[in-house]
There are 2 protein chains.
Amino acid sequence: MSEKAPRSPSPAAPARPGDPLQLDLFVPYRLSVLSNLISHTVATIYGERFGLAIPEWRVMAVLGLAQHQGTPMCANAVAQRTEMDKVQVSRAVSRLLAMGLLGRTVDKADRRKANLTLTAAGTTVYQQIVPLALQYEGELLDTLETDELMMLERLLDKLTKTARGLSASFRPAEAP
Amino acid sequence: MSEKAPRSPSPAAPARPGDPLQLDLFVPYRLSVLSNLISHTVATIYGERFGLAIPEWRVMAVLGLAQHQGTPMCANAVAQRTEMDKVQVSRAVSRLLAMGLLGRTVDKADRRKANLTLTAAGTTVYQQIVPLALQYEGELLDTLETDELMMLERLLDKLTKTARGLSASFRPAEAP
DNA sequence: CCAATTTAGTTTCACCTGAAACTATTTCCA
DNA sequence: TGGAAATAGTTTCAGGTGAAACTAAATTGG
C-alpha cells in the first residue's frame, strides 16, 4: 500500500532529456483514465434507465435549466453551453426529437434557427435524472474533505484554462 | 471575470430533490471536458509528428519502460498496465507491427503468448516522444503551485479509487 | 438590389471503438 | 488420460464520432 515515487525532485521541474516516462504517473493519462471511468458509469446509469447517451443527456440538462429560466435555446446555443460541436448536438437533438422528449419550433424571425424545448415527457425524464446525477456526483465527492473539494474546483478551472491555451499553442502554424 | 457560485451551501451536501443541475458546475462534466481537451492536444502532437494514435503511444510507453528494465511484456500485460482492453491493445499492436516499430516473438513455453519489444526504429521514436510528452505535461502543470500539484496527485488517486468503487456499485445486479 | 459571404444546421465519409463471438492453446481435474 | 473450463489474442459487427462537404436562410456591401 505505498507506491510513492515523486515525479521529479522538485515538482513541475522541466523535463530533462533521458527522463523515463512512467505512464501511471503521467497526468494526462491519469486524467483520461479517471474521466473514462466516470463517463462509463454515468453513461450506464443514463443508458439503462432512460435510454439516453451522454450527449443526449447533456442537451437535456442545458434545456432543462433554460426551461427553468424561461430562456428557450437554439441548437447553436446548446452547442456552446455543452462544449459539444454542432454535429454532435444535431444528432443528439434528432434522437431526442424521435424519442418525443424534445420539441422544436422554427424561429419566426430567423428561419434557420429552431427553438428547442423539453416536452412534458422530456421534463419528466429530466426531473428523474437530475437527482440521480447529483447523487452520483455526491458519492464521488463524498470522500473528499472540504479543502480537497475546494482545491478540486480550483484545479479544474486552472487546468482547463491552461489546457485551452496549450491546445492553441501546440497546434501547428495557422493560415494568415 | 468572476463566475462564482458554490455548488451548494456546504460542500458535498447530499443532493436534494428539486436541485437544479448546472452542467458547468457538474464535476463529471468538467472532468470530461478537461480530459478531452488534453487528449485532443496530445493526440495531435503524437499524430502529426509521429503518425501515432493515443492507444499506440500508450503501448509504446509501457514497452519502452519495460525495455529499459529488461522485462519483456506480452499483450495481456500491456493491457493491464495501460488499462486498455485487449481488443484495443491487439489493434494498436498490429498497427505498430505494420509500422515496424514493434517486434513480436511467440513465447516458446506458452504458444498463445507473444513477447513484444520495441525495434530499433521503435526505440528511436520512443526516445523522441518521451520528452515531448513530458514537456506538454510540464507546461500543463506549470501554473500550479507546489501545494496544488501535490493535491492534484492526491485527488487523482482518491477520485480514481472512489470512481472504481462506484463503477461496481452502480452497475446492475450480477449473475450468480 | 443582388452577388458574395456568413451563419444554422444536416449529411456524408472514413475511421474508431466496445461487446460478443471466435480460434488456438493450455490448464484443470475426474 | 481426455474432455471441460480457462486464457491469449483476433475478428466481426453494430454503432459512435469528427472533419469536411453540403443546404438553406440571412446579412453585407458594392
Side-chain angles (χ1 to χ4, degrees), chain A residues 32-33 35-37 39-44 46-48 51-59 63 72-98 102 104-116 167 171-172 174-175, chain B residues 32-33 35-37 39-44 46-48 51-59 63 72-98 102 104-116 167 171-172 174-175:
Chain A
S32 166
V33 169
S35 169
N36 288 343
L37 202 51
S39 291
H40 199 267
T41 303
V42 169
T44 302
Y46 298 161
E48 294 192 343
L52 294 177
I54 285 185
E56 284 142 36
W57 158 246
R58 287 184 182 174
V59 169
L63 290 179
M73 298 177 85
C74 68
N76 222 334
V78 171
Q80 283 178 237
R81 278 301 216 83
T82 55
E83 308 224 28
M84 305 195 289
D85 71 44
K86 58 183 183 171
V87 177
Q88 240 180 327
V89 172
S90 170
R91 287 194 268 237
V93 165
S94 54
R95 277 178 294 220
L96 291 169
L97 286 169
L102 246 55
R104 156 156 64 183
T105 37
V106 172
D107 189 306
K108 262 297 179 188
D110 183 343
R111 295 192 355 259
R112 292 170 306 180
K113 295 186 189 172
N115 281 62
L116 302 168
S167 165
R171 205 176 300 290
E174 289 158 35
Chain B
S32 167
V33 169
S35 169
N36 289 343
L37 203 51
S39 291
H40 198 268
T41 304
V42 169
T44 302
Y46 298 161
E48 292 190 345
L52 294 176
I54 285 184
E56 284 143 36
W57 159 245
R58 287 185 181 173
V59 169
L63 290 178
M73 297 178 87
C74 68
N76 221 336
V78 171
Q80 284 178 236
R81 279 302 217 81
T82 55
E83 308 223 29
M84 305 194 291
D85 72 44
K86 58 184 184 172
V87 177
Q88 238 180 328
V89 172
S90 171
R91 287 194 267 238
V93 165
S94 54
R95 276 178 295 221
L96 292 169
L97 286 168
L102 247 54
R104 154 156 63 185
T105 37
V106 171
D107 188 306
K108 262 296 180 190
D110 182 343
R111 291 181 10 251
R112 292 169 305 180
K113 296 184 190 174
N115 281 63
L116 302 168
S167 164
R171 205 177 301 290
E174 287 158 36

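Predicted, not measured: the structure shown is a model, and the values here were computed from it. Protein chains get the first letters and strands the later ones, always in sequence-line order, with residue 1 at the start of each.
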Rounded to whole Å, the CG-P distance (B:Asn36 to C:dT17) equals 13 Å
Spacing of A:Asp85 atom CG relative to D:dT17 atom C1', expressed in whole Å = 8 Å
Could you state the atom-to-atom distance from CD of A:Gln80 to P of C:dA8 in whole Å?
-> 8 Å
Write down the atom of B:Ser32, the atom of A:Ser35, and the distance for their closest heavy-atom approach.
-> CA-OG, 3.5 Å
Flag, side chain of A:Ser90 to backbone of A:Lys86, donor-acceptor distance under 3.5 Å | no
If you check the A:Arg91 side chain, which of D:dA25, C:dA19, D:dG18 turns out closest?
-> D:dG18
Measure the distance from CG on A:Leu37 to C1' on C:dG18 and round it to the nearest whole Å.
-> 16 Å
Has A:Gln88 got a side-chain N or O lying under 4.0 Å from the OP1 or OP2 atom of D:dG18?
-> yes
Nearest 0.5 Å please: distance from the CG atom of B:Asn115 over to the CG atom of B:Leu102.
-> 11.5 Å
When rounded to whole Å, the CD to C1' distance for the pair A:Glu83 and D:dT17 reads 17 Å
What's the spacing between B:Ile54 CD1 and B:Gln88 CD if we round to 0.5 Å?
-> 10.5 Å
In whole angstrom, what separates A:Asp107's CG from C:dT7's C1'?
-> 13 Å
At under 4.0 Å, does any side-chain N or O of A:Ser90 touch on OP1 or OP2 of C:dG9?
-> no
Shortest non-hydrogen contact from A:Arg58 to A:Thr82?
-> O-CG2, 3.8 Å
Identified side chain to side chain contact (heavy atoms under 4.5 Å, CB included) partner of A:Lys113 from the options A:Val106, A:Asn76, A:Asp107 | A:Asp107
How far apart are the closest heavy atoms of B:Glu56 and B:Leu96, and which atoms are they?
-> O-CD1, 3.7 Å
Close N or O pairs between protein and nucleotides 3-8 of chain D (under 3.5 Å):
residue : atom : partner  : partner atom : Å
D:dT7   : O2   : B:Arg112 : NH1          : 2.7
D:dA8   : OP1  : B:Asn76  : ND2          : 3.2
D:dA8   : OP2  : B:Asn76  : ND2          : 2.7
D:dA8   : O5'  : B:Asn76  : ND2          : 3.1

In whole angstrom, give the distance that lies between atom CG of A:Leu97 and atom P of C:dG9.
-> 12 Å
Atom CD of A:Glu48 and atom C1' of C:dA19: how far apart are they, to the nearest Å?
-> 14 Å
Would you indicate what A:Ala109 reaches in the nucleic acid, counting non-hydrogen atoms under 4.0 angstrom: base, sugar-phosphate, or nothing?
-> sugar-phosphate
Does a side-chain N or O from B:His40 land closer than 4.0 Å to OP1 or OP2 of D:dA19, or not?
-> yes
